[in-house]
Amino acid sequence: MRTEQYANLHLSVEAGVALLQIARPEALNALDARLLDELEAAFSSLRDDPETGAVIVTGAGEKAFVAGADIKELATLDGVAGRAMSLRGQQVFSQIESLPKPVIAAVNGYCLGGGCELALACHIRIASENARFGQPEVKLGLIPGYGGTQRLPRLVGQGRALELLLTGDVVDAREADRIGLVNRVVPENELLPYCRELANKIMANAPYALSLVLEAVRAGASMPLERALLVEAGLFGLACATEDMKEGTKAFLEKRKPVFRGIVNRQREER
Ligand code: CAA
């Protein structure tokens, strides 16, 4: 097992699955500037790590995933600094969203404000029964600044998103499941085992194809359908140029399990 220790972040990689635990218990894992720096460093390291096939993000302790951006830091902001802080958070969360490996949010406890926005930047969200979700920024005279006004409506639809954004209400895991904010709700003690099992199931597929699916969905989300379909066709072509595609189709025809190596067919690429 490989581990990396940051001031408020624990990273361990075991059997291809990275577990990233946000650990700032005195502030219910609220994200301050240092934690954003640490998240950026950890995700850069995971992006380049050939041993990591999937990432699980969770909060240390039982009470919170992340209770938001750090309100002590927010309280000191003026207009210019507020804009810079928002752009910084957006940049780090976009880095997470564009990771070419699946990122699963294992949401345990409070998932509010910037915490909910962090979960929204992950590719899949699994919640424990005690998870609580909300965008309570308007109660502080603020609006979400790390992508919540954009990713939440894209995920759950404008009406449901606006209800959460305008009321600042906190909803439980069942309601989050009902509106499509999370993929699934599991008992607290099953959260990490379930997320590991899901990561392993995904990792059994061709790694390069996984990265292309993530790219197609992310790039296409901000495009008109016609252009997005062209992007899909280009990435489909790229998948056809991989050794894994030859292996996957051959294995099917030979009625055996494929052995994926996760690499592009270099001979074809060089042509
Ligand atoms: N920032 C900084 N500190 C926080 C925090 C946050 N977001 N959330 C909790 N804390 C701190 C509390 O101040 C408290 O510290 P002290 O012990 O030093 O007083 C400690 O964590 C424990 O919190 P509580 O005593 O409040 O715990 P509770 O169980 O009574 O309540 C809670 C839990 C409902 C989550 C409550 O802490 C809360 O409402 N937190 C703030 C949630 C919030 O508004 N988040 C949005 C922030 S704005 C944002 O995120 C902007 C953005 O989009 C970028």
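Numbering starts at 1 and runs along the sequence shown. Nothing here was measured: the structure is a model prediction, and the numbers come from that model. Indexing begins at 1, ligand by ligand and atom by atom, following the structure's order.
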Starting from V231, can I reach L238 by hopping between I/L/V/M/F/W/Y residues whose side chains sit under 4.5 Å apart? yes
What residues, two or more places apart in sequence or in another chain, satisfy side-chain contact (heavy atoms from CB on, under 4.5 Å) together with S45? R2, E4, L11
Taking side-chain contact (heavy atoms from CB on, under 4.5 Å) as the definition, give me every residue that meets it alongside L210, ordered by chain and number, with sequence neighbours left out. I202, N205
Criterion side-chain hydrogen bond (donor to acceptor under 3.5 Å, both in side chains) on E40 and S44, from CA distance to verdict: CA-CA 6 Å; E40 183 180 53; S44 296; over 6 Å; no
Ion pair present between E197 and K201, side-chain N to carboxylate O less than 4.0 angstrom? no
Show which side-chain atoms of residues 101-114 pair as donor or acceptor with protein atoms under 3.5 Å away, not counting sequence neighbours.
| residue | atom | partner | partner atom | Å |
| --- | --- | --- | --- | --- |
| K101 | NZ | L46 | O | 2.7 |
| K101 | NZ | R47 | O | 3.3 |
| K101 | NZ | D49 | O | 2.8 |
| K101 | NZ | T52 | O | 3.1 |
| N108 | OD1 | T58 | OG1 | 3.2 |
| N108 | OD1 | G59 | N | 3.2 |
| N108 | ND2 | G59 | O | 2.7 |
| N108 | ND2 | G61 | O | 3.0 |

Under a 4.0 Å heavy-atom cut-off, what residues line ligand 1? E26, A27, L28, A30, K63, A67, G68, A69, D70, I71, L74, Y110, L112, G113, G114, E117, P136, E137, L140, P144, G145, Y146
